[in-house]
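Sharing a structure with you now.
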Number of protein chains: 2
Amino acid sequence: MKIVTPTRPRGRPREFDETKALDLAMMVFWRLGYEGASVADLTGAMGITAPSLYAAFGSKEGLYRRVLAHYQAGPGAFTWAALTEEPTARGAIERVLRESARVFTRRKHPHGCMISTAILRCAEAHQPVADLVASLRAGAVELFRERIARGIAAGELPPETDAGAMARFLGAIVQGMSVQAQDGASEAELLGLVEVAMRAWGGGAGRPRAR
Amino acid sequence: MKIVTPTRPRGRPREFDETKALDLAMMVFWRLGYEGASVADLTGAMGITAPSLYAAFGSKEGLYRRVLAHYQAGPGAFTWAALTEEPTARGAIERVLRESARVFTRRKHPHGCMISTAILRCAEAHQPVADLVASLRAGAVELFRERIARGIAAGELPPETDAGAMARFLGAIVQGMSVQAQDGASEAELLGLVEVAMRAWGGGAGRPRAR
DNA sequence: CTATTTTCATAACGGTCACTATTGAAATCG
DNA sequence: CGATTTCAATAGTGACCGTTATGAAAATAG
């Protein structure tokens, strides 16, 4: 008869919580960007020493990749939720934009989207990281495109709608909102921007109105 | 009787052309961003040594400020030209967007806008530079706003038009196009995006059509 | 207990960062 | 000419970069 205790691993247990450490590292990368965040910044904020960081995450780049996944599952999850939960394509898109305006200006974390602004131009040595982040941006646009294509298939949108162009348009809006949020724009200002953007969707502003 | 020769300065003349040096430095900053461009990268591309760079420009940051002005007077000048030369607000905006699509994908220089993407998040030591670049972004939005307000005053646009929101919308579009261009988007893709964006302007896509 | 394994903290690694002291060459001035 | 001024090249500055060797500390296994 075996006891099913959760079988502690062999050696000395680590003294920090990996999830909390990722949260703290995320804030640093979010605020300073990938290149701007030094390992000293990270270990200082995470409350661990450099060898502990390297034992747990391999390298600064490895930690960053873990943080990106952590971001997508946390503060960045609202996008995927909006696109899958809303019944109509237009409703989904509008919810993404409105929630972006709110999330990008929250005071509990740096303003703007972490993926949009963490690493754009960079030294050649960091190009692989920049490429990864660029692929995440492309993935978001692709998510938009799929949702719009689904809306076209469902008859919500005219069949001649260019889903790719619409998706790239939305990607640009989100990207631009992220930068403006970082530059100090308020939620109200971003919502005004969203209202203009939704006009490109045809029909008036706001949610589809009954008539 | 004085001879009016162009009075060469006293000591040994410098052996490099400052304008050409700024051009070369601009390409490096454009490609690698402010933090990603090292002084070694810059001197290597400019064909001068570090002491020459510091004698002529004071510091890396000083050189960057000169390069930003050089950019605005060169590759970035089309925006100001479009906004002042076009007779209507809508025409001016559409020209800015269409020319952005073309300029951002030129093969003679890195894709995207240099001001949009050179330095967003960064180490705290470089925050003054980031603030400067942010103020340039804000200046572009303000230029948009003024042009739209002028269009409202001229009766081209409905008096209830929110010029600030429209301007922020356009700033976001340009910012987003810049990132997508850097990520590899083609001119045709960006023009498709522009067409969608112009729909937010009311009345179908494209230039105002006679009817 | 001893042996083993893993994490911890200290201290340091070579490399690159932005930047400059020094020196000699190249120009103009008197 | 000699004196002066400015530039350019060499060679380095200290500081910080990401990363790691070392050894003590803390847990399990036998």
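Letters A, B, ... are given to chains in the order of the sequence lines, protein chains preceding strands, and every chain is numbered from 1. In what follows, every heavy atom counts, from backbone to side chain, and hydrogens, waters and symmetry copies are set aside.
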- Under 30°, 30 to 60°, or over 60°: which ring-plane class applies to Phe16(A) and Phe57(A), parallel, tilted or perpendicular? tilted
- Assert: residue with more 5' nearest nucleotide on DNA chain D, out of Ala50(B) and Phe16(B), is Phe16(B)
- Query: In whole Å, what is the span from the CD atom of Glu35(A) to the P atom of dA18(C)?
  - Reply: 11 Å
- Protein-nucleotide distance (Leu53(A), atom CG; dA9(C), atom C1'), rounded to Å: 14 Å
- N-O pairing of Glu187(A) and Arg106(A) below 4.0 Å: no
- Query: Under 4.0 Å between a side-chain N or O of Ser38(A) and OP1 or OP2 of dC17(D)?
  - Reply: yes
- Item | Sequence-distant partners of Arg150(A), salt bridge (charged side-chain N to carboxylate O under 4.0 Å, His left out), two or more places apart | none
- Measure the distance from CG on Leu32(A) to C1' on dC16(D) and round it to the nearest whole Å. 15 Å
- Query: Can you tell me how far P of dA27(D) sits from CD of Glu15(A), to the nearest Å?
  - Reply: 8 Å
- Query: Rounded to the nearest Å, what distance is computed from the CZ atom of residue Arg14(A) to the P atom of nucleotide dC8(C)?
  - Reply: 7 Å
- Query: Expressed in angstrom and rounded to an integer, what is the separation of Leu42(B) atom CG from dT16(C) atom P?
  - Reply: 17 Å
- Message: Between the side chains of Arg199(A) and Glu195(A), is the shortest nitrogen-to-carboxylate-oxygen separation below 4.0 Å, so that they form an ion pair?
- Response: no
- Report yes or no: is the cationic atom of Lys60(B) (NZ for Lys, CZ for Arg) under 6.0 Å from the centre of the six-membered ring of Phe29(B), at an angle within 45° of the ring normal? no
- Kindly compute the distance separating SG (Cys122(A)) from CG (Asp131(A)), expressed to the nearest 0.5 Å. 8.0 Å
- Message: Any carboxylate oxygen within less than 4.0 angstrom of a Lys/Arg side-chain nitrogen, looking at Arg14(A) and Glu18(A)?
- Response: yes
- Message: So Ala55(B), base contact, sugar-phosphate only, or nothing? Heavy-atom distance under 4.0 Å.
- Response: nothing
- Note on the structure: So the stems of DNA chain C, runs of at least three Watson-Crick or G-U pairs (under 3.5 Å), are C:1-30 with D:1-30
- Query: Side-chain N or O of Thr49(A) less than 4.0 angstrom from OP1 or OP2 on dC8(C)?
  - Reply: no
- Message: Counting the atoms with a prime plus P, OP1 and OP2 as sugar-phosphate, which does Ala37(B) contact under 4.0 Å by heavy atoms, base, sugar-phosphate, or nothing?
- Response: sugar-phosphate
- Message: From NZ of Lys60(A) over to P of dG15(C), roughly how many Å is that when rounded to an integer?
- Response: 19 Å
- Below 4.0 angstrom from OP1 or OP2 of dT20(C), is there any side-chain N or O of Tyr54(B)? no
- Task: Check the distance between dG18(D)'s C1' and Asp41(A)'s CG and give it to me in whole angstrom.
- Result: 12 Å
- Under 4.0 Å: is that the gap between some side-chain N or O of Ser52(B) and OP1 or OP2 of dA8(D)? yes
- Answer with base, sugar-phosphate or nothing: what part of the nucleic acid does Val39(B) contact at a heavy-atom distance below 4.0 Å? sugar-phosphate
